[in-house]
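Just so we're clear, the structure is a prediction, and the values are computed from it rather than from any experiment. Per chain, numbering begins at 1; letters A, B, ... match sequence-line order.
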2 protein chains.
Amino acid sequence: MDLRQLRSLVTLVETDFSVSRAAERLNLVQPAVSQHLKQLEAELGCHLVQRQGKRLLGLTKAGDAVLHQARGTLAGVANILAIGRDQAEDRGGVLRLGTTHSQARYVLPPLIRRFRQAFPAVEIQLHQASPEQLVTMLLRDTVDLAICTEAIAQHPELLATPCYRWNRCLIAPLGHPILVQRPISLELLGEQPLVTYVAGFSGHGHFLATFGREGLKPRLTVGAADADVIKTYVREGFGLGIIADLAYDPHADADLGRRDLSHLFPWEVTRLALSRAKYPRAFQGAFMDLFQNEAAAEVRLRQGHEG
Amino acid sequence: MDLRQLRSLVTLVETDFSVSRAAERLNLVQPAVSQHLKQLEAELGCHLVQRQGKRLLGLTKAGDAVLHQARGTLAGVANILAIGRDQAEDRGGVLRLGTTHSQARYVLPPLIRRFRQAFPAVEIQLHQASPEQLVTMLLRDTVDLAICTEAIAQHPELLATPCYRWNRCLIAPLGHPILVQRPISLELLGEQPLVTYVAGFSGHGHFLATFGREGLKPRLTVGAADADVIKTYVREGFGLGIIADLAYDPHADADLGRRDLSHLFPWEVTRLALSRAKYPRAFQGAFMDLFQNEAAAEVRLRQGHEG
DNA sequence: AGAATTTACGCGGTCCGTAACCATG
DNA sequence: CATGGTTACGGACCGCGTAAATTCT
């Protein structure tokens, strides 16, 4: 058996069973990948992919099991290379961070600034995606670390550590009556047109569930994946905005009023996650420490800006 | 990087850094293994083994980390091959069981008989060793499964499931006064010369600790690794025997009297363990089920033979 | 007909084994 | 001086790429 055969199998799956695209990704020609598969199946004595003539449809049961092991095996060799680069005192490298917009835009900048001072030779790549996508990106080793609130705590192949908690605030154009109304209740929110996150992002599930528990259904006018877009629609008069507290910027958002909503909704926990199979390089570990230790303080700072 | 290089590294460690013996095990010549190491170190850009001239002494820190990953990686490819053999409906194969004497001699026979009926084409190898050795054998994939009482429950890389519990009994030549003495106490045992297991086997640690808690120190005349040897010395008059309950055979040991001691000592738990990294072949999984489900009943049956 | 996969074949690299060389106790 | 490890070199194997054949849309 050869590692290249395993790489071909894994890549084939990740290209939706297109041999040619897989070959392209691997810097090989079609026949090479084709042969890899044939060799693997020959050595194992069973088919790994379901075929219909020459068309590849999907994995067989055996193929799925092999895929899983192949991923683990390739992770092992990647780890070995990582150990080498670490040990050789190679201060350079790439830190691929998977994040949602909220993190990249509001939480990460000061932390990354500090990280860069410690590791100036490391290139930082921010891969923005939805939480579900981040999970598969971690599993496929497309990113090294991922930071997000949803979907990441449960997966058995990931190691997720809680880093900080946050809640929501309401934003509205200055002068809007709700900004001076004394107590803000769920019922009150339920009557208003709302602009907030779309499903899958920033605690939207808990958001809806909270209304649901009270037998209410919010009037959502626009849903977006990030707070910047939400703010824009709030400014355009589409309704009240409900965003993560930490996404409110007192300076840039001076034209928007803000009210805390943490008495209405559950706290959300943002986690830093990586694949259990992964050996983190020194600077990756350093970033993890940095984020785990200082993200909470950073967020409190932002929330302290409260006007 | 090549899998053969990793194999060479792992084998080198397991041969105490003898390149020639490693080469022999791998069916290669010395220079090949030597080159594998050189290639690996070249690719990683750091030394993996500490050298003194041409003599190899041990692993460097990096080498140790690489070794661990290499083991995992090779386990992955072994698993892939196992999946293949399974899927190809290959009913044959080898089941390598690591056991202590007690298991092989008293618990396993009827279970293995039943297993053989279901999988007649599977060769069963019983590798007898001490519990500590069994742990390393599992980690090195020298055995597929191990059954023992000690040392195996804690290791984080092993998955151990409790299967049955047992306690000790006392054996003595027929006619010995202790066989009719009403209550048997620790103090009474402490006065007598005893023959029992040696350290590391069959709950010897708990045995000593129980005496220690009462401020007693047993008079041990002979220590042995298995009950058969202990019985022999009891017959020879070296003292009272204390063995695992299930090791008493009413027929073969009719010349020895037996008294239960479960009121004096803690119950021991025997576990079936395998490496977490291992993908068990179908028949290996079947044996695990068999043992986990039926070992307890088997042991109760033996204990029911009580005369 | 065209896109995509498999088969056929030749070249180049590489990996192993033999042989010579070298350190160490 | 013998044991064990490294260096040097040649042959065999194998894996990739080019090109032709095949099959399904």
Could you go through B:K38 and B:E43, starting from their C-alpha distance and side-chain angles, then the distance that decides it, and tell me whether this counts as salt bridge (charged side-chain N to carboxylate O under 4.0 Å, His left out)?
CA-CA 9 Å; B:K38 220 173 92 177; B:E43 183 166 5; over 6 Å; no
Considering non-hydrogen atoms only, spot the tightest contact between [X] and [Y] and give its length.
X: B:Q284; Y: B:R281; value: OE1-N, 2.8 Å
X: A:A62; Y: A:C46; value: CB-SG, 4.1 Å
X: B:L48; Y: B:E41; value: N-OE2, 2.6 Å

Could you tell me whether the phosphate oxygens of [N], OP1 or OP2, come under 4.0 Å of any side-chain nitrogen or oxygen in [X]?
X: A:S20; N: C:dT5; value: yes
X: B:K54; N: D:dT7; value: no
X: A:S34; N: C:dT6; value: yes
X: A:R51; N: C:dT6; value: yes
X: A:R55; N: C:dA3; value: no

Among residues 21-33 of chain A, which ones have heavy-atom contacts with DNA chain D below 4.0 Å?
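When residues 21-33 of chain A is checked for heavy atoms under 4.0 Å from DNA chain D, the hits, listed by number, are A:N27, A:L28, A:V29, A:P31.
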Once you round it to whole Å, what is the distance between [atom2] of [N] and [atom1] of [X]?
X: B:K38; N: C:dT14; atom1: NZ; atom2: P; value: 14 Å
X: A:L57; N: D:dT23; atom1: CG; atom2: C1'; value: 14 Å
X: A:H36; N: C:dT5; atom1: NE2; atom2: P; value: 15 Å
X: B:M1; N: C:dT14; atom1: CE; atom2: P; value: 16 Å
X: A:L12; N: C:dA4; atom1: CG; atom2: P; value: 14 Å
X: A:L37; N: D:dG15; atom1: CG; atom2: P; value: 14 Å
X: A:Q52; N: C:dT6; atom1: CD; atom2: P; value: 14 Å
X: B:Q39; N: D:dT7; atom1: CD; atom2: C1'; value: 14 Å

Return yes when atom NE2 of B:H127 has more than 12 non-hydrogen atoms of other residues, nucleotides or ligands closer than 6.0 Å, and no otherwise.
yes
Do A:V66 and B:N79 have side-chain heavy atoms sitting under 4.5 Å apart?
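Not in contact.
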Using C1' atoms of five pairs at each end, report the bend of the helix from C:dA1-D:dT25 to C:dG25-D:dC1 rounded to 10 degrees.
30°
Please check: side-chain N/O of B:T142 versus main-chain N/O of B:L138, any donor-acceptor pairing under 3.5 Å?
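Not confirmed, B:T142 side chain does not pair with B:L138 backbone.
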Closer than 3.5 angstrom, by distance alone: can the side chain of B:H36 be matched with the main-chain N or O of B:S8 as a donor-acceptor pair?
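Flag not set: sc B:H36 to bb B:S8 has no pair under 3.5 Å.
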Hey, do the aromatic rings of A:F119 and A:F115 have their centres closer than 6.0 Å?
yes
The residue, A:L56 or B:Q35, whose nearest nucleotide of DNA chain C is more 5′ is A:L56
